[in-house]
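Heads up, the thing below is written out as structure tokens.
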There are 2 protein chains.
Amino acid sequence: MKDQSNAICLCPLDGIIDTIGKKWGLLIINEIGNHGKLRYNELMSELAGISPSTLASMLKDFEREKLIEKEVFKQIPPRVEYSLSTRGRELREAIIPLIKWATKKGNYTVHCSCTLVKK
Amino acid sequence: MKDQSNAICLCPLDGIIDTIGKKWGLLIINEIGNHGKLRYNELMSELAGISPSTLASMLKDFEREKLIEKEVFKQIPPRVEYSLSTRGRELREAIIPLIKWATKKGNYTVHCSCTLVKK
DNA sequence: TTAAATACTTTGAATTTTGTAGTAGAACTA
DNA sequence: TAGTTCTACTACAAAATTCAAAGTATTTAA
């Protein structure tokens, strides 16, 4: 979303849209939250269907927004772990009702075992 | 998101992504929820920045998904009112924590008076 | 006769997201 | 020694989404 600082009226949701209101935003936050820590390739397979470039760019966005933290281990082959920051964990908490709504019977079908895990 | 009915694993959030995980999805649901009923042009000005074609297509999507209801009055000039369905209202309820998180100090700035209104 | 009002649609361009393939560098394998 | 494997990405062109601007339909008001 383009900068609207000159716009007349903005809605409180505006700020989230760029990160949350994207196709994979909620999924990624939730997925990391479910597992605590996740590596890039683990995310790739959990989020079946995302492209590597999209995932990489989302992770960078989230890191810049301080929603997730990235830990790089100096190994070969490389090892990188992503986890939620405090702020990210708060966001995930706020997303839970949405996930519950989505999983509710009559709304959408759950096809797998990758469900809501509250720590 | 493409049909993944043949995919191995889907996440419960998958189903919402196409509607909610779009740039204006949450904004529109929240906006209609805030006002009860809204006309097309009212939505256009509340959601400063959206293009008419995008709004029209989102409204059609939401109608098809039975998240909103459309009432057409036979008048000239025309008059059309959009409101949330029961399912839409449930969704909005589920979004409220997210809105609250977003409005929280330190997360994002609120620029206008168009805030959370709970019925 | 012209303008105003509303809810859109149409068009082509700009922006985002996607899929496929490729890169780096050490270690293991033949 | 040469080739393969492993992981976390990047590059790039193609596909999908969103954009702005202009146009459509219809009746009443000036």
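Comparing D:dT26, C:dA7, D:dA22 against the side chain of B:Pro52 picks out D:dA22 as the nearest. Listed nucleotides: D:dT7, C:dA7, D:dT27. Nearest to the side chain of B:Ile76: D:dT27.
Between A:Trp24 and C:dT18 there is a side-chain N or O to OP1 or OP2 distance below 4.0 Å. Distances shown here put a side-chain N or O of A:Arg39 below 4.0 Å from the OP1 or OP2 atom of D:dA8. Between B:Thr54 and the phosphate of D:dT18, there is no side-chain N or O to OP1/OP2 separation shorter than 4.0 Å. Between D:dT10 and A:Lys60, a contact under 4.0 Å exists linking OP1 or OP2 to a side-chain N or O. Phosphate contact (OP1/OP2 of D:dC19, side-chain N/O of B:Lys23, threshold under 4.0 Å): present.
Residue A:Leu59 is the one, among B:Ser51 and A:Leu59, whose nearest nucleotide of DNA chain D lies closer to the 5' end (criterion: closest heavy atom). Taking the nucleotide of DNA chain D with the nearest heavy atom to each of B:Ser57 and A:Lys70, the more 5' of the two is matched to A:Lys70. Positionally, the nearest nucleotide of DNA chain C for A:Leu55 lies more toward the 5' end than for the other of A:Leu55 and A:Pro78.
Across the protein-nucleic acid pair, B:Leu38 atom CG and C:dC8 atom C1' stand 16 Å apart, rounded to whole Å. To the nearest angstrom, P of C:dT6 lies 13 Å from CD of B:Glu81. Computed from coordinates, the A:Asn41 CG to D:dC9 P distance equals 9 Å when rounded to whole Å. Between B:Leu43 atom CG and C:dA7 atom P the separation is 10 Å, expressed in whole Å. Between the CZ atom of A:Arg79 and the C1' atom of C:dG25 there is a distance of 18 Å, given to the nearest Å. In this structure, A:Ile50 atom CD1 and D:dC9 atom C1' are separated by 13 Å, rounded to whole Å. For the pair A:Glu71 CD and D:dC9 P, the interatomic distance rounds to 13 Å; values are reported in whole Å. Following rounding to the nearest Å, A:Tyr40 (OH) and C:dA24 (P) show an atom-to-atom distance of 17 Å.
With a 4.5 Å cut-off on side-chain heavy atoms, B:Ile28 and B:Leu55 count as touching. In this structure the side chain of A:Leu27 never reaches within 4.5 angstrom of the side chain of A:Ile50, judged on heavy atoms. Put simply, the side chain of B:Asn30 does not reach to within 4.5 Å of the side chain of B:Ile96, judged on heavy atoms.
Between the A:Arg87 side chain and the A:Glu65 main chain, a donor and an acceptor come within less than 3.5 Å of each other.
Counting any heavy atom pair closer than 4.0 Å across all strands shown, A:Tyr82 reaches sugar-phosphate atoms only and no base atom. Across all strands shown, A:Ser53 has heavy atoms under 4.0 Å from base atoms, whether or not it also approaches the sugar-phosphate.
Each of B:Glu71, B:Glu31, B:Glu69 was compared with B:Lys37 under the salt bridge (charged side-chain N to carboxylate O under 4.0 Å, His left out) criterion, and only B:Glu71 meets it.
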